[in-house]
Chemist: 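Just passing along the structure, written as structure tokens.
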Amino acid sequence: MSLTTEHRTKTDDDAVKVFDAIIIGAGFAGLYQLQRLRDHLGLKAHVLELADDVGGTWYWNRYPGARCDSESFYYSYSFSKELQEEWVWSERYPEHSEIRRYLSHVADRFDLRRDITFKTWVERASYDDRTDRWSIVTKAGERFEAQFLIMAVGVLSAANIPTIKGLETFKGQWFHTARWPHEPVNFSGKRVGLVGTGSTGIQAAPVLAEQAGHLTVFQRTANYSIPARNRPLTQQDREEIQANYPALRDKARSSVNGHPFDVSADSALGVTKEERLQRYEKAWEAGGLRFRASFGDLLHDVEANETASEFIRDKIRSTVKNPATAAKLTPTDHPFASKRPPIDTNYFETFNRENVSLVDLKASPIEEITPTGIRTGDCEYALDMIVFATGFDAMTGPLLKVDIRGSGGRSLRQDWAAGPHTYLGLQTAGYPNLFTLTGPGSPSVLTNNPVAIEQHVDWVSDCIQYMRAEGLRRIEATEDAAQDWVRQVNEAAAQTLLPMANSSWYLGANIPGKPRVFMPYAGGMAHYAKICADVARDNYRGFSMR
Ligand code: N01
């Protein structure tokens, strides 16, 4: 595996660099946070970023087929009308490179790069109770100090590279999709193994199949997937989007998932079978995540969900020509959308190609990687290249990569050993002046992320502005408020089918040894934003400030 970005290894300057706020991460969240604090509040704010450019998760995820599965015109910032008007999206779902161009444009347009230090890996951050300030130390030994530390490290940014016996002996090339090289990778004529069939593997498989000599897909859990129906945006689309932008943005903000479309209020069981099928068919043809919105109870009622799950299973069986392959590809062990649903372009069709085969790891797990391929319980598959689309140590992973020490030297790694517990996903008791953007306990990954990001950045910025106006130095979530919030997060999840997927990364179940805790807040984006606004209006109820 090759990494394009090496972090700096030499100390450039031994002096402590002092700021009002340090932000870690230069993706969607970090860039907007910098713009708000610097340009609106006049703070001395600075971003530290591992990569050598902006982009966050989109800097790293350059694998074949990588594109967003929210639609471009609303997977974008809403904070600047001018930015919204000038940027022209080319496709319904933007490719990774287009999102990077967009974020690069944002960085230039708002002159953000001058306050970002790239190629910098933050190793440790510790809070000093005497000064009410954070000390931050990088791998290169650079030292920073700030009153506020804002973690904009992303939720799906810590790559899960599985520890499989023998990987180091493999003589071919191997890659993880979330650490993709910047140089083109040539798959032509090669025997390629793809491990993982989540959103990433499902996007990558059809593109790899077109290039590879032979593609072997190693599947552990069969997945539901909806056609994306990607297409170029026309001039007419763009004019309609621009004319409707204010309403679109309002709708996204007042929705359950941050998407600008309605979730039907109807029950899937309250209509005739014919009407139900017609609706699913229409949503299938339209493509994308709004299939999930066909009925209001798909995520709440097992029987209602089963109608959607069975509709998709029928689609798989009618698409995949080989019945044995179709059976392996048909998910039966979890309800549709209890894991994050992928959307695809010709995923199931790919298994009709002569040069593609499927290996069912449930029937015969991977035993080891050999110098020449992957060996499962029943056979060895000869491979020239392996692509791991094995996902992420989601939500907590990126936060805990930094050794964070709070009040009295307490360790976040230890405090979260049994799972994260935050107040509103924004703060953790014992860690004053530390904010986690889209952190565990917030709607975050259950939403169209830019909506969740803007809500968090605005809330944090308003909070800091309030503290400055009131002459306050320290804000900390109380233990009681955090405990009560964890209870609410669990209750919200229990009202859905989301905890039913055994291998879901929402639960941390994809990472061996990770505590099994449902991490995001499933009570809905709009409801959550209202709670946050009420907390602020109520003099920051649940936080102690001084
Ligand atoms: O990761 P995943 P992902 N041996 O965890 C398998 C977002 N995203 O990168 O299900 C063998 O979903 C694992 O099997 P199982 C989106 O939110 C967004 O695909 O654990 N297999 C699974 O099949 C998404 O949900 C876009 O049994 C192993 C796969 O690897 C999230 O990122 C695009 C294994 C991992 O699936 C994560 O998606 C792509 C092992 N040791 C992703 N370990 C957008 O367009 C894991 N697996 C915005």
Side-chain angles (χ1 to χ4, degrees), residues 27-28 56-58 60-72 74-75 91-96 98-99 154-165 167 176-180 193-205 216-226 228 230 257-259 288-289 329 331 333-334 337-345 347 358-362 364-369 374 376 386-395 397 438 444-450 452 498 501-512 514 519-520:
F28 266 94
T57 198
W58 297 104
W60 302 99
N61 280 271
R62 300 167 186 238
Y63 58 87
R67 64 176 68 243
C68 184
D69 53 14
S70 289
E71 296 179 55
S72 52
Y74 60 85
Y75 188 80
E91 290 181 275
R92 181 178 179 189
Y93 304 97
E95 215 193 352
H96 58 96
E98 187 167 17
I99 302 173
V155 281
L156 294 162
S157 51
N160 170 36
I161 298 171
T163 43
I164 301 176
K165 186 178 143 202
L167 177 57
H176 189 282
T177 46
R179 288 292 178 272
W180 201 259
L194 172 67
V195 183
T197 53
S199 298
T200 301
I202 282 177
Q203 282 184 334
T216 307
V217 178
F218 294 84
Q219 169 192 277
R220 198 162 63 179
T221 304
N223 219 335
Y224 301 92
S225 184
I226 309 294
N230 188 34
N257 295 114
H259 291 272
L289 289 172
L329 286 166
D333 65 352
H334 64 283
S338 57
K339 294 177 88 167
R340 166 68 148 64
I343 63 173
D344 72 274
T345 301
Y347 175 64
L358 179 69
V359 175
D360 178 5
L361 297 179
K362 279 266 162 68
S364 184
I366 294 178
E367 292 201 337
E368 65 173 335
I369 293 177
I374 291 181
T376 66
I386 303 174
V387 174
F388 291 105
T390 43
F392 302 88
D393 181 355
M395 302 199 83
T438 63
S444 179
V445 289
L446 300 178
T447 70
N448 167 43
N449 230 0
L498 292 167
N502 270 331
S503 61
S504 158
W505 57 259
Y506 293 151
L507 279 163
N510 61 326
I511 303 294
K514 187 165 174 170
M519 293 181 286

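Read the numbers this way: they start at 1 and go in the same order the structure lists the ligands and their atoms. Quick caveat, the model's predicted, so the values are computed rather than measured.
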Chemist: Within this structure, what is the OG1-CD distance for the pair T197 and Q219, rounded to the nearest 0.5 Å?
Modeler: 4.5 Å
Chemist: How long is the gap from CG on L289 to CG on N448, to the nearest 0.5 Å?
Modeler: 9.0 Å
Chemist: How far is atom 3 (P) of ligand 1 from the closest protein heavy atom, and which atom is that?
Modeler: T200 OG1, 3.3 Å
Chemist: If I take atom CG from residue N160 and atom CH2 from residue W505, how far apart are they, to the nearest 0.5 angstrom?
Modeler: 12.5 Å
Chemist: If you count the atoms of ligand 1 from 1 in the order shown, which ones are under 4.0 Å from a heavy atom of T197?
Modeler: 22 (C), 23 (O), 29 (C)
Chemist: I need the minimum non-hydrogen distance between S338 and A501, along with the two atoms involved.
Modeler: OG-CB, 3.5 Å
Chemist: Taking atom NZ of K165 as the centre, does the number of heavy atoms from other residues, nucleotides or ligands within less than 6.0 Å exceed 12?
Modeler: no
Chemist: Just going by heavy-atom distances, which of R340, H176, K362 is nearest to atom 16 (C) of ligand 1?
Modeler: R340
Chemist: In terms of atom number and element, which parts of ligand 1 are under 4.0 angstrom from non-hydrogen atoms of L156?
Modeler: 7 (C), 17 (O), 31 (C), 32 (O)
Chemist: Could you tell me the residue and atom name of the protein heavy atom closest to atom 10 (O) of ligand 1, and the distance to it rounded to 0.1 Å?
Modeler: K339 NZ, 2.6 Å
Chemist: Examine the proximity of ligand 1 to F218 and report which part, side chain or backbone, both or neither, has a heavy atom under 4.0 Å away.
Modeler: neither
Chemist: Taking atom CZ of R67 and atom CH2 of W58, what is their separation to the nearest 0.5 Å?
Modeler: 9.5 Å
Chemist: Name the option, out of G391, G196, P162, A66, that contains the heavy atom nearest to atom 41 (N) of ligand 1.
Modeler: P162
Chemist: Need the ligand 1 atom indices (1-based, order shown) with element for anything under 4.0 Å from a heavy-atom of A389.
Modeler: 29 (C), 30 (O), 35 (C)
Chemist: Show me which atoms of ligand 1 lie under 4.0 Å from any heavy atom of D69.
Modeler: 44 (C), 45 (O), 48 (C)
Chemist: Report the distance from atom CD of Q203 to atom CG of D69, rounding to the nearest 0.5 Å.
Modeler: 6.5 Å
Chemist: Judging by distance only, is a nitrogen or oxygen of R67 under 3.5 angstrom from one on ligand 1?
Modeler: yes
Chemist: Should V387 and W180 count as side-chain neighbours, where that means a heavy-atom distance under 4.5 Å?
Modeler: yes
Chemist: Rounded to the nearest 0.5 Å, what separation is found between the CD1 atom of I343 and the CD1 atom of I202?
Modeler: 11.0 Å
Chemist: What residue and atom, counting heavy atoms only, is the protein's closest point to atom 24 (C) of ligand 1, and at what distance?
Modeler: S199 OG, 3.5 Å
Chemist: Given the side-chain rings of H334 and Y224, with only the six-membered ring counted for Trp, is the space between their centroids under 6.0 Å?
Modeler: yes
Chemist: Testing the 3.5 Å rule here: is there a donor-acceptor pair between the side chains of D344 and S225?
Modeler: yes
Chemist: Give the atom numbers and elements of ligand 1 that come within less than 4.0 Å of a heavy atom of S503.
Modeler: 10 (O), 15 (P), 20 (O), 27 (O)
Chemist: Which ligand 1 atoms are under 4.0 Å away from a heavy-atom of L361?
Modeler: 11 (C)
Chemist: Please assess H259 against S70 for the test side chain to side chain contact (heavy atoms under 4.5 Å, CB included), listing each intermediate value before the final yes or no.
Modeler: CA-CA 8 Å; H259 291 272; S70 289; 3.4 Å; yes
Chemist: Please state which protein non-hydrogen atom is closest to atom 4 (N) of ligand 1 and give its distance, to 0.1 Å?
Modeler: R220 NH1, 3.8 Å
Chemist: So, regarding Y63 and ligand 1 (criterion: nitrogen or oxygen to nitrogen or oxygen, under 3.5 Å), is there a contact or not?
Modeler: no
Chemist: Provide, to 0.1 Å, the distance between atom 36 (O) of ligand 1 and the closest protein heavy atom, together with that atom's residue and name.
Modeler: G198 CA, 3.5 Å
Chemist: Nearest non-hydrogen contact with atom 31 (C) of ligand 1 belongs to which option: W58, Y75, W505?
Modeler: W505
Chemist: Tell me: protein heavy atom nearest atom 15 (P) of ligand 1, and distance?
Modeler: T221 OG1, 3.4 Å
Chemist: Within ligand 1, which atoms have a heavy atom of V195 less than 4.0 Å away?
Modeler: 11 (C), 21 (N)
